[in-house]
There are 2 protein chains.
Amino acid sequence: MHYDAESLPPDPFDELLGYHLRRLSVLVMADLAAALAPFGLKPAEASVLFMIGQGGVQTQSDIGRALGIQRANMAPLIAGLIKRGLLARERVDGRSQALTLSAAGFEISRKAWAATKAHEDRMFGTLSDPEREALLARVRGLWR
Amino acid sequence: MHYDAESLPPDPFDELLGYHLRRLSVLVMADLAAALAPFGLKPAEASVLFMIGQGGVQTQSDIGRALGIQRANMAPLIAGLIKRGLLARERVDGRSQALTLSAAGFEISRKAWAATKAHEDRMFGTLSDPEREALLARVRGLWR
DNA sequence: TATTGTTATACTCTATAACTATA
DNA sequence: TATAGTTATAGAGTATAACAATA
């Protein structure tokens, strides 16, 4: 067929920030998943452990809201971590329970945190500290 | 249980660039999907149209490699676009066929491109042009 | 031998709806 | 009425394996 090339740029993806964000995110997630696999943790599970490790009274609904995970998907995730002895529940009221790390859960979250930091250095270590900090602030600001 | 809070930072996610990249990417993809839905296109389908619109001889394997989509998943994607009359095949050799945009495919990809650009402005318009360009270059460089 | 295109299939992640128990 | 937690389920998106046809 015939068409005028004016309407689409010669390399459309070069100007699409969303496209490059996605490609980078996929790459980063794959590396993170591999970094956490030795501990039997998926990224979402590690995130939950990190969240609970912050301390304070947090129900699984609170955590789901903070991490963008729906209640329906939190249920089996939390149940799995409890079954593995990494989390425990503490009664808040009749319908809510605060989640706390067990000793084993604390230990594994420490190791997972170290692995996550190493992963981040692997992914972003080519940037200088100020560049990395600026990128973090920018990306954080764009969604939050 | 009891533990020393030293080993995990008070707000662990504040320093995790990968986490914020993912949250932003999810947000951006959702907005893009909504922006393309009126044309009956998913982001991956629009990407394929943009790719073909660049011109040059491109097989579906070429496009899959460039976009990070596996051959097995390209097959039904391309078949759908052909069935809708947006793409046509041209023989290259016995096992490869170059993909070209039909007139309808060109028209819809023009509209999808305009919608994509509007979407990008919606997502990233709060940044100044130099900031946006710097972010694009940085993110692109980190995965490519 | 390697590559293209295809089919079938499985797995993960995410979304929706409905239900209970409680506030 | 609204919320917490659960269950079941459906839909994307993506991954692997195998195959025929061709290079």
Side-chain angles (χ1 to χ4, degrees), chain A residues 18-19 21-34 36-37 40-48 51-52 57-83 87-100, chain B residues 18-19 21-34 36-37 40-48 51-52 57-83 87-100:
Chain A
Y19 174 76
L21 281 168
R22 168 119 168 94
R23 292 302 297 263
L24 177 57
S25 176
V26 166
L27 195 73
V28 168
M29 284 299 290
D31 188 87
L32 177 60
L36 293 174
L41 291 176
K42 295 170 188 174
E45 294 171 328
S47 300
V48 166
M51 199 85 201
I52 297 173
V57 176
Q58 300 178 81
T59 68
Q60 77 184 49
S61 289
D62 294 333
I63 294 166
R65 267 189 296 270
L67 295 178
I69 306 173
Q70 305 209 20
R71 280 196 316 286
N73 297 326
M74 284 294 288
L77 196 164
I78 296 297
L81 294 174
I82 290 176
K83 193 167 195 174
L87 293 185
R89 298 190 198 268
E90 283 177 9
R91 180 192 166 81
V92 171
D93 63 31
R95 63 183 179 188
S96 306
Q97 293 147 309
L99 296 169
T100 60
Chain B
Y19 174 76
L21 281 168
R22 169 117 167 96
R23 292 300 297 263
L24 177 57
S25 176
V26 166
L27 194 74
V28 168
M29 285 298 290
D31 188 87
L32 177 61
L36 294 173
L41 291 176
K42 295 170 189 176
E45 294 171 328
S47 300
V48 166
M51 198 85 200
I52 297 172
V57 176
Q58 301 179 78
T59 66
Q60 74 184 51
S61 289
D62 294 333
I63 294 166
R65 267 188 296 272
L67 295 178
I69 305 173
Q70 307 210 19
R71 279 197 317 287
N73 298 324
M74 284 296 288
L77 195 164
I78 296 297
L81 294 174
I82 290 176
K83 194 167 196 175
L87 293 185
R89 298 190 198 268
E90 282 177 11
R91 178 191 167 80
V92 171
D93 63 31
R95 63 184 178 187
S96 306
Q97 294 146 309
L99 295 169
T100 60

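In what follows, every chain begins at residue 1, and chains take the letters A, B, ... in the order their sequences are listed. On a predicted model such as this, the values are computed, not experimentally measured, just so you know. Both backbone and side-chain heavy atoms feed into the values below; hydrogens, waters and symmetry mates do not.
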When you measure from the side chain of [X], which nucleotide among [options] comes out closest?
X       : options                : value
B:Arg22 : C:dT14, D:dG13, C:dA17 : C:dT14
A:Ser61 : D:dA4, D:dG13, D:dA23  : D:dA4
A:Gln97 : C:dC13, D:dA8, D:dG5   : D:dG5
B:Ser96 : C:dG5, C:dT6, C:dT14   : C:dG5
A:Lys42 : D:dG5, C:dT6, C:dC13   : C:dC13
B:Thr59 : C:dC13, D:dA23, C:dG5  : C:dG5

For [X] and [Y], indicate whether the former's side chain and the latter's backbone hold a donor-acceptor pair under 3.5 Å.
X       : Y       : value
B:Arg23 : B:Gly18 : no
A:Ser47 : A:Pro43 : yes
A:Gln58 : A:Met51 : yes

Toward the 5' end of DNA chain C, by each residue's nearest nucleotide, B:Ala98 or A:Asn73:
B:Ala98
Want to settle it: does B:Val26 or B:Met74 sit nearer the 5' end of DNA chain C, counting the closest nucleotide to each?
B:Met74
Figure out the [atom1]/[atom2] separation between [X] and [N], and round it to whole Å.
X       : N      : atom1 : atom2 : answer
B:Gln60 : C:dT3  : CD    : P     : 16 Å
B:Leu67 : D:dT14 : CG    : C1'   : 15 Å
A:Leu99 : D:dG5  : CG    : C1'   : 11 Å
A:Arg71 : C:dA21 : CZ    : P     : 17 Å
B:Gln70 : C:dT7  : CD    : P     : 17 Å
B:Leu77 : C:dT6  : CG    : C1'   : 14 Å
A:Lys83 : D:dT6  : NZ    : P     : 13 Å
B:Asp93 : C:dA2  : CG    : P     : 18 Å

Result for 5'-nearest mapping on DNA chain D, choosing between A:Ile78 and B:Gly68, is A:Ile78
Using a 4.0 Å heavy-atom cut-off, does A:Ala72 contact any base of the nucleic acid, only the sugar-phosphate backbone, or nothing at all?
base
C:dT4 base to B:Arg95 side chain: any donor-acceptor pair below 3.5 Å?
no
With a 4.5 Å heavy-atom cut-off, do B:Met29 and A:Leu21 have their side chains touching?
no
Less than 3.5 Å apart, any donor N or O on the side chain of A:Gln60 or A:Arg89 sitting next to an acceptor on the other?
yes
Does D:dT3 have OP1 or OP2 sitting under 4.0 Å from an N or O in the side chain of A:Arg65?
no
